[in-house]
Amino acid sequence: MFVTFLRFSENRTGAPDFMPAHNDWIAQGFADGGAAAGGAILHHGESRDAYDARIAADPFVVQRVVTAETYEIDPKRTAPVLDVLKSAA
C-alpha cells in the first residue's frame, strides 16, 4: 500500500491554472480504484513503478505546484472496515 503526501512547492500560485487538470487526474485515479483526498493519496493494488508513474503524471506534480512524497507500507492490523488494505499489501 502506498501513502503519498502532496505538499505545495515553488509554483503553488499556479494551482488555480492547473486545478481542472488535477481534478481530472484525481477522478481517473478513483476510476482506476485508488483514493485521494485532502492533499494525501492512499492507493493499493499496483506495483511501485506503476504507482510512481501515476503520481508523476499528476499535473500539479508536473507543473511543480506540489511535491509528492510517497511511503510504502504493509498494513498488518486494521479496523474491520479497512481490511481490504491488508489483502492488497
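In what follows, every heavy atom counts, from backbone to side chain, and hydrogens, waters and symmetry copies are set aside.
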### Task
To the nearest 0.5 angstrom, please state how far the CZ atom of Phe18 sits from the CG atom of Asp58.
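The CG atom of Asp58 is 11.5 Å from CZ of Phe18, to the nearest 0.5 Å.
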### Task
Search all heavy atoms of Ser9 against all heavy atoms of Thr67 and return the closest pair with its distance.
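Nearest pair, atom of Ser9 first, then Thr67: OG-CG2, 3.5 Å.
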### Exercise: identify the closest heavy-atom pair between Val65 and Gly14
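Heavy atoms of Val65 and Gly14 come nearest at CG2-C, 4.1 Å.
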Do [X] and [Y] touch side chain to side chain, with heavy atoms closer than 4.5 Å?
X: Arg48; Y: Thr70; result: yes
X: Ile26; Y: Ile41; result: no
X: Asp17; Y: His22; result: no
X: Arg54; Y: Glu46; result: yes

### Query
Can Val62 be reached from Phe60 by stepping across I, L, V, M, F, W or Y side chains whose heavy atoms are under 4.5 Å apart?
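No, Phe60 and Val62 fall in different hydrophobic clusters.
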### Task
Report the C-alpha separation of Val66 and Phe5 in whole Å, then their side-chain angles, then the decisive distance to 0.1 Å, and conclude whether the side-chain contact (heavy atoms from CB on, under 4.5 Å) test is met.
CA-CA 9 Å; Val66 299; Phe5 297 97; over 6 Å; no
### Message
Could you walk me through whether Thr4 and Tyr51 satisfy the side-chain hydrogen bond (donor to acceptor under 3.5 Å, both in side chains) test, starting with their C-alpha distance in whole Å, then the side-chain angles of each, then the deciding distance to 0.1 Å, before giving a yes or no?
### Response
CA-CA 10 Å; Thr4 300; Tyr51 181 73; 2.6 Å; yes
### Message
Quick one, Phe2 with His44, criterion ring-ring contact (aromatic ring centres under 6.0 Å, His included). Give me CA distance, side-chain angles, the key distance, then yes/no.
### Response
CA-CA 6 Å; Phe2 306 105; His44 66 89; 9.6 Å; no
### Task
Determine, stepwise, if the pair Ile73 / Val3 fulfils side-chain contact (heavy atoms from CB on, under 4.5 Å).
CA-CA 8 Å; Ile73 62 172; Val3 179; 3.9 Å; yes
### Message
Please determine whether side-chain contact (heavy atoms from CB on, under 4.5 Å) holds for the pair Asp74 and Met1, giving the CA-CA distance in whole Å, both sets of side-chain angles, and the decisive distance to 0.1 Å.
### Response
CA-CA 6 Å; Asp74 184 7; Met1 177 179 166; over 6 Å; no
#### Entry: Check: Arg64 main-chain N/O paired with Asn11 side-chain donor or acceptor under 3.5 Å
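Not at all, since once roles are kept as given, no pair shorter than 3.5 Å links the two residues.
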### Task
State, without any angle test, whether Asp32 and Gln28 hold a side-chain donor-acceptor pair at a distance under 3.5 Å.
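The answer is yes; a qualifying pair exists.
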